[in-house]
Amino acid sequence: MTHYILSRVFQSLLVLFFVSFVSYALIGLMPGDPIDLMLTSDPNMTAEDVARLKALQGLDKPLVERYWNWLLGALQGDFGYSRLYLQPAEDVLIPAVWNTVKLVGIATALSLLIAIPVGVFAALKHRTWVDYIISFTAFVGFSTPAFWLALMLILVFSVTLGWLPAGGTGQAEGGGFWVQAQHLVLPVISLTVLNVASHSRYVRGTMLEVLRQDYIRTAIAKGASKTRVVFAHALRNAMIPLVTIIALDIGFMLSGALITETIFAWPGMGKLIFDAIMGNDYNLALLGLMVITFTALLGNLLADIAYAKLDPRISLTKGASA
């Protein structure tokens, strides 16, 4: 186990290095740079001012040299300043990470608490009216556009009924715990509905496949109770493919939900990175992309470890697919 984890950590470092270089190069190839944007907004700047500022920021150097300087600084904990917020990039990113963890984390947890029992129940009622209703509802939820659902929630619960706030976090107004919780309700519901639809379909499909296996029929033939067969044998093995989906959700958690965050004015990672890229905020955008990549790699590692715990046939020493 230790050798496997160390090997994966080394592989993750290589991936982070490669992704950081590619991301830096792609962002650097975008038309214009922060100094050019300053020039368009300040007609009094001279060519000498532009040259001096580019030299100060290192923008007059080749791309590889600029990346190397950024990498050396990042290894020392210096990720540069955000030109949009005039703060160190990490100081801007940390609150956005926490906001996204609250939003997407709660939505993911709620969706799993609902989707797993719903998917299991649909599999046990295969080809009955219960299964058809659950499957139809899941397809409707899966195909519902995120922006439309968010707008409908705002229209009904904020505009028409006036029960909940339409956007924001409640922090700017000095709201306490309950005020901030009210601001979370609608975006959490929006993400939960979409996640339940997809997760329940995965659970139903994997449960149907597991329930057809020979060892399930053997357990039933030996007199094992239906509850034991479903929860001790079938569900344990059906959870293995779902672990992959959950692991991918960990990466998605910090990338945020751009559409939902934008409509509900939620200052999370998705909206922050989008704004940073559109505003040519190199340091902030690159740091955000690195955090997302690291989280995705961590999620995959945790998924492999969970595989070994759920299925003893999987050996981490020989790879997760052994």
Just checking Tyr67: does its OH atom have more than 12 heavy atoms from other residues, nucleotides or ligands closer to it than 6.0 angstrom?
yes
Please round to the nearest 0.5 Å and tell me the distance separating atom CD of Gln213 and atom OG1 of Thr218.
10.5 Å
To the nearest 0.5 Å, atom CD1 of Ile134 lies from atom CZ of Arg204 at 9.0 Å
Which atoms form the tightest heavy-atom contact between Gly77 and Glu90, and what is the distance?
O-OE2, 4.0 Å
Plane angle bin for Trp163 and Phe157 - parallel if under 30°, tilted between 30 and 60°, otherwise perpendicular:
tilted
Looking at Ala123 and Leu208, what are the two nearest heavy atoms and their distance?
O-CD2, 3.6 Å
In Å, rounded to the nearest 0.5 Å, how long is the span from OG of Ser158 to CG of Leu151?
11.0 Å
Using the side-chain contact (heavy atoms from CB on, under 4.5 Å) rule, take Val19 and Leu289 through it: C-alpha gap first, then chi angles, then the decisive distance, then the call.
CA-CA 9 Å; Val19 171; Leu289 293 173; 5.8 Å; no
ILVMFWY cluster, Leu287 and Val101 together (side-chain gap under 4.5 Å)
yes
Can you name the nearest heavy-atom pair linking Leu284 to Ser82, along with the distance?
CD2-OG, 3.8 Å
Grab the two heavy atoms, one from Leu184 and one from Ile106, that are nearest each other, plus how far apart they are.
CD1-CD1, 4.1 Å
Are Tyr81 and Met290 linked, directly or through other ILVMFWY residues, by side chains that come within less than 4.5 angstrom of each other?
no
Side-chain contact, heavy-atom cut-off 4.5 Å: Leu26 with Ser23?
no
Where do Val203 and Val118 land on the side-chain contact (heavy atoms from CB on, under 4.5 Å) test, with the steps shown first?
CA-CA 8 Å; Val203 175; Val118 168; over 6 Å; no
If only atom types and distance count, is the side chain of Glu209 paired as donor or acceptor with the main-chain N or O of Gly205 below 3.5 Å?
no
In terms of ring plane angle, is the pair Trp70 and Tyr24 parallel, tilted or perpendicular, where the classes change at 30° and 60°?
tilted
Where the side chain of Thr160 meets the backbone of Leu155, is there a donor-acceptor pair that is under 3.5 Å apart?
yes
Decide side-chain hydrogen bond (donor to acceptor under 3.5 Å, both in side chains) for Asp131 and Ser135; before the verdict, give the C-alpha distance in whole Å, the side-chain angles of both, and the deciding distance to 0.1 Å.
CA-CA 6 Å; Asp131 181 29; Ser135 298; 3.3 Å; yes
Backbone N/O of Ala122 and side chain of His126: donor-acceptor pair under 3.5 Å:
no
Do Val156 and Leu191 sit in one hydrophobic cluster, given that two such residues count as connected whenever their side-chain heavy atoms are within less than 4.5 Å of each other, even indirectly?
no
Check the hydrophobic clustering (I, L, V, M, F, W, Y; side-chain heavy atoms under 4.5 Å; chains of links allowed) and say if Phe10 and Leu297 are grouped together.
no
Is the side chain of Asn69 donor-acceptor paired with the backbone N or O of Glu65 at a distance under 3.5 Å, no angle test?
yes
Can you tell if the side chain of Ile292 reaches within under 4.5 Å of the side chain of Ile273, non-hydrogen atoms only?
yes
Taking all non-hydrogen atoms of both residues, which atom of Phe121 and which atom of Val130 are closest, and how far apart?
CE2-CG1, 3.3 Å
Quick check on the hydrophobic clustering: are Leu161 and Phe264 connected, directly or via other members, by side-chain heavy-atom contacts under 4.5 Å?
yes
For Thr108 and Gly105, indicate whether the former's side chain and the latter's backbone hold a donor-acceptor pair under 3.5 Å.
no
Is it the case that over 12 heavy atoms from other parts of the model lie below 6.0 angstrom from the CD atom of Gln182?
yes
For Met269 and Thr100 the tightest heavy-atom approach is N-OG1, 2.6 Å
Considering residues, nucleotides and ligands other than Tyr202, do more than 12 of their heavy atoms fall under 6.0 Å from its OH?
no
Just so I know, are the side chains of Trp68 and Leu71 near enough to count as touching, which here means a heavy-atom distance under 4.5 Å?
yes
Under the side-chain contact (heavy atoms from CB on, under 4.5 Å) rule, what do Phe79 and Asn283 come out as? Steps first, then yes or no, please.
CA-CA 6 Å; Phe79 298 97; Asn283 294 326; 5.9 Å; no
Please identify which of these residues, Val185, Ile189, Ile263, Leu164, meets the side-chain contact (heavy atoms from CB on, under 4.5 Å) condition with Leu153.
Ile189
Backbone of Asn99 reached by a side-chain donor or acceptor of Trp266 within 3.5 Å:
yes
Are there more than 12 heavy atoms of other residues, nucleotides or ligands under 6.0 Å from atom CZ of Phe18?
no
Between the side chain of Ser200 and the main-chain N/O of Ala197, is any donor-acceptor distance below 3.5 Å?
yes
Show the numbers, then the answer: is there a side-chain contact (heavy atoms from CB on, under 4.5 Å) between Thr260 and Leu194?
CA-CA 11 Å; Thr260 303; Leu194 300 176; 5.5 Å; no
For Val140, does its backbone N or O pair with a side-chain atom of Thr144 as donor and acceptor, under 3.5 Å?
yes
Is there a donor-acceptor pair closer than 3.5 Å between any side-chain N or O of Glu261 and the backbone N or O of Gly270?
yes
